[in-house]
Amino acid sequence: MKNVFFILVLAILVQSCTFDKKPEYLGINNVWVEEGSSNNITLKADAHFKNENDLGGTLLTDEIKVYLDNIYIASVSSEAFDVPAKDNFIVPLTVSFPLSKLFKEGNRNLLGAILNQVLNKKMKIAFKGSITYKLAGFSYDYPVDHSQEITIK
């Protein structure tokens, strides 16, 4: 009798939860320079999502690379993000890189491009890669390809 009751309760719970589709990726907005010092630059951006399901999941951002004037400078580093149920939400993206990386022997073109952009007070930043959504063994990759000019203050 306990097994029948358990199966009935489990069936009701499963039917009451909706999972019609994966969360919707709306894009990256609000790219800005959070910190710029003589040693390090930290960039931040917001990845917007919409989840209409009763179930959450996890988003991983380890596969996003950041480019400055089409030259790779760093990868996004963040912890796994817990997806809220039935909500619009923002996944914060942070990338930090040492300025010394720009002065290395192989990056002379990058240094020239940066000096040119700094004089103009604008830089072209690009985020390329994927954000991975995971839920109970199911996984889906959202392609990310966002470019934007940012103003240095």
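Residues take their numbers from the sequence shown, with the count starting at 1.
Checked against H146 for a side-chain contact (heavy atoms from CB on, under 4.5 Å), the options I64, V31, I125 give a single hit: V31.
For the atom pair CD1 (I73) and NZ (K65), the distance works out to 12.5 Å, reported to the nearest 0.5 Å. Atoms CG and CD1, from D62 and I131 in turn, are 10.5 Å apart once rounded to the nearest 0.5 Å. The distance from the CG atom of N30 to the CD atom of Q148 is 8.0 Å, given to the nearest 0.5 Å.
With sequence neighbours left out, K44 forms a salt bridge (Lys or Arg N to Asp or Glu O under 4.0 Å) with E34. Residues satisfying the ring pair (Phe, Tyr, Trp, His ring centres under 6.0 Å) criterion with Y25, sequence neighbours excluded, are F49.
Judged by the 6.0 Å and 45° rule, K22 forms no cation-pi pair with Y133.
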Could you go through the side-chain contact (heavy atoms from CB on, under 4.5 Å) check for Y142 and L59 one step at a time? CA-CA 10 Å; Y142 297 97; L59 288 172; 4.1 Å; yes
Hey, mind stepping through T94 and V76 against side-chain contact (heavy atoms from CB on, under 4.5 Å) and telling me if it holds? CA-CA 6 Å; T94 303; V76 170; 5.8 Å; no
Please lay out, stage by stage, how I28 and L93 fare under the test side-chain contact (heavy atoms from CB on, under 4.5 Å). CA-CA 9 Å; I28 291 181; L93 305 176; 3.8 Å; yes
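Contact record, L60 with A80: CD2-CB, 3.5 Å, taken as the closest heavy-atom pair. Residue N40 comes nearest to P98 through the heavy atom pair OD1-N, 3.4 Å, listed as atom of the first residue, atom of the second, then distance. The minimum heavy-atom distance between P23 and V83, with the atom names listed, is CG-CG1, 4.3 Å. Closest heavy-atom contact between N51 and A85: ND2-CA, 3.9 Å. Between F97 and A74, the shortest heavy-atom distance links the atoms CB-CB, 4.1 Å.
For the pair P92/F81, a side-chain contact is recorded, criterion being any heavy-atom separation below 4.5 Å from C-beta on. F127 is not listed as a side-chain neighbour of T61, based on a closest heavy-atom distance of 4.5 Å or more.
By the 6.0 Å contact criterion, CD on E63 is open, its count of non-hydrogen atoms from other residues, nucleotides or ligands being 12 or less.
Although no hydrogens or angles enter the test, the distance criterion places no donor-acceptor pair under 3.5 Å between the side chain of D46 and the main chain of N29.
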